[in-house]
Amino acid sequence: MSALITKLKNVIESEIVLVQSLHDLLKTEYDMLTSRNLNDLPEITQKKEAQFKTLDQTGRQRIRLFAQCIPSENQLKTHIDEKVLENRLAHYDDQYSTQLLKNWRTLKSGLLRCKRQNEVNGRLINASRRNLDKLLIAVKGYNPHSQTYDKKGQAQYQKGSRTCMQA
């Protein structure tokens, strides 16, 4: 069982590195969004997507390894309960269980930081999108999100009474 715990420890440690890297990307994205320097945003987005994919894969690997350490009633779980982990680790050698539990908590807090930063970035993006939509309405005189269809099925936008171009 010690080899299994070592594998689990290694996977969690690699996830911690990935989470830190993801958090750095998210902070870079935030800095770009707040400074409106968006030239490298597509590259950051691609890196972020790759990090999410890799984290998903290592997370699945961690869950499989963890399931091997847990009694059979929890074999099909896709979410790992920290209390179950703590109870199970109590049965192992202190050196492994203490380090693994510490790494587990570090991983969870890192994931929470990433989630919060991603939410902040999402709110910034949504606010920018709303402002851009308002500008489009003012300049073009119609809302790109409110459209109707004519008899031929072609999209038509509702024109405003006056645009800034007409004024």
Side-chain angles (χ1 to χ4, degrees), residues 4-68 77-82 85 98-150 153-167:
L4 185 60
I5 293 298
T6 301
K7 284 181 186 178
L8 185 58
K9 181 179 163 285
N10 291 339
V11 168
I12 290 175
E13 286 173 350
S14 70
E15 282 183 294
I16 291 170
V17 171
L18 286 168
V19 164
Q20 183 57 48
S21 175
L22 177 61
H23 189 261
D24 292 344
L25 281 173
L26 290 167
K27 290 295 281 180
T28 301
E29 181 183 54
Y30 174 81
D31 293 340
M32 292 173 76
L33 291 169
T34 55
S35 68
R36 300 205 185 262
N37 180 10
L38 307 177
N39 295 334
D40 296 329
L41 193 60
E43 180 185 338
I44 295 294
T45 302
Q46 287 177 342
K47 288 179 180 179
K48 196 171 71 165
E49 288 173 5
Q51 291 282 14
F52 280 128
K53 184 178 179 180
T54 305
L55 264 174
D56 182 57
Q57 291 169 348
T58 56
R60 290 175 193 271
Q61 183 181 9
R62 175 182 26 87
I63 289 169
R64 281 192 303 273
L65 288 169
F66 185 68
Q68 293 173 13
K77 285 184 95 168
T78 56
H79 172 65
I80 298 175
D81 184 1
E82 186 174 346
L85 177 63
T98 302
Q99 185 61 44
L100 188 58
L101 192 55
K102 179 182 173 191
N103 289 350
W104 172 251
R105 289 180 177 152
T106 300
L107 176 61
K108 283 183 65 172
S109 69
L111 287 169
L112 186 59
R113 279 193 345 265
C114 285
K115 178 183 177 193
R116 288 180 182 152
Q117 187 64 54
N118 199 42
E119 289 170 350
V120 167
N121 293 358
R123 285 192 297 271
L124 273 173
I125 290 168
N126 287 334
S128 294
R129 184 176 296 140
R130 283 190 305 273
N131 287 337
L132 185 59
D133 286 346
K134 288 177 185 178
L135 285 172
L136 282 172
I137 291 169
V139 171
K140 291 187 173 185
Y142 64 86
N143 185 345
H145 300 294
S146 68
Q147 59 185 3
T148 58
Y149 296 92
D150 63 13
Q154 300 294 321
Q156 292 183 328
Y157 299 99
Q158 298 292 328
K159 290 261 183 191
S161 58
R162 284 184 99 43
T163 67
C164 71
M165 297 269 220
Q166 292 172 335

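Heads up: numbering here begins at 1 and tracks the sequence.
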Leu8 side chain reached by Trp104 side chain, heavy atoms, under 4.5 Å: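 Of all side-chain heavy-atom pairs linking Leu8 with Trp104, none is under 4.5 Å.
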Is the closest basic N to carboxylate O distance between Lys53 and Glu49 below 4.0 Å?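 Not counted as a salt bridge, because no side-chain N and carboxylate O are separated by less than 4.0 Å.
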Taking 4.0 angstrom as the limit, do Arg60 and Asp56 come out as a salt bridge?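 Salt bridge: yes.
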Side chain to side chain contact (heavy atoms under 4.5 Å, CB included), that's the test. Do Leu33 and Leu38 meet it? Break it down for me. CA-CA 7 Å; Leu33 291 169; Leu38 307 177; 4.0 Å; yes
Indicate the atoms forming the closest heavy-atom contact of [X] with [Y], along with that distance.
X     : Y     : result
Leu18 : Thr54 : CD1-CG2, 3.6 Å
Leu22 : Gln51 : CD1-CB, 3.9 Å
Asp40 : Met32 : C-CE, 3.2 Å

Are the side chain of Asn121 and the backbone N or O of Leu26 linked by a donor-acceptor pair below 3.5 Å?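 Present.
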Backbone of Val17 reached by a side-chain donor or acceptor of Ser21 within 3.5 Å: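 No, Ser21 side chain to Val17 backbone: no donor-acceptor pair under 3.5 Å.
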Of Gln117, Arg113, Glu119, which is the lone residue that meets side chain to side chain contact (heavy atoms under 4.5 Å, CB included) with Lys115?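 Filter result, single survivor: Glu119.
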Among Thr106, Ile16, Val19, the one residue meeting side chain to side chain contact (heavy atoms under 4.5 Å, CB included) with Leu111: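 By the side chain to side chain contact (heavy atoms under 4.5 Å, CB included) criterion, Leu111 pairs with just one of Thr106, Ile16, Val19: Val19.
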How far does [atom1] of [X] sit from [atom2] of [Y], to the nearest 0.5 angstrom?
X      : Y     : atom1 : atom2 : answer
Asn118 : Lys48 : CG    : NZ    : 5.0 Å
Gln46  : Leu41 : CD    : CG    : 10.5 Å
Asn39  : Ile44 : CG    : CD1   : 12.0 Å
Ile63  : Thr58 : CD1   : OG1   : 9.5 Å

Could I get the full list of side chain to side chain contact (heavy atoms under 4.5 Å, CB included) partners for Lys7, not counting sequence neighbours?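 Lys7 satisfies side chain to side chain contact (heavy atoms under 4.5 Å, CB included) with Leu65 once adjacent residues are dropped.
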If you apply the rule side chain to side chain contact (heavy atoms under 4.5 Å, CB included), what do you find for Asn103 with Glu15, and how did you get there? CA-CA 10 Å; Asn103 289 350; Glu15 282 183 294; over 6 Å; no
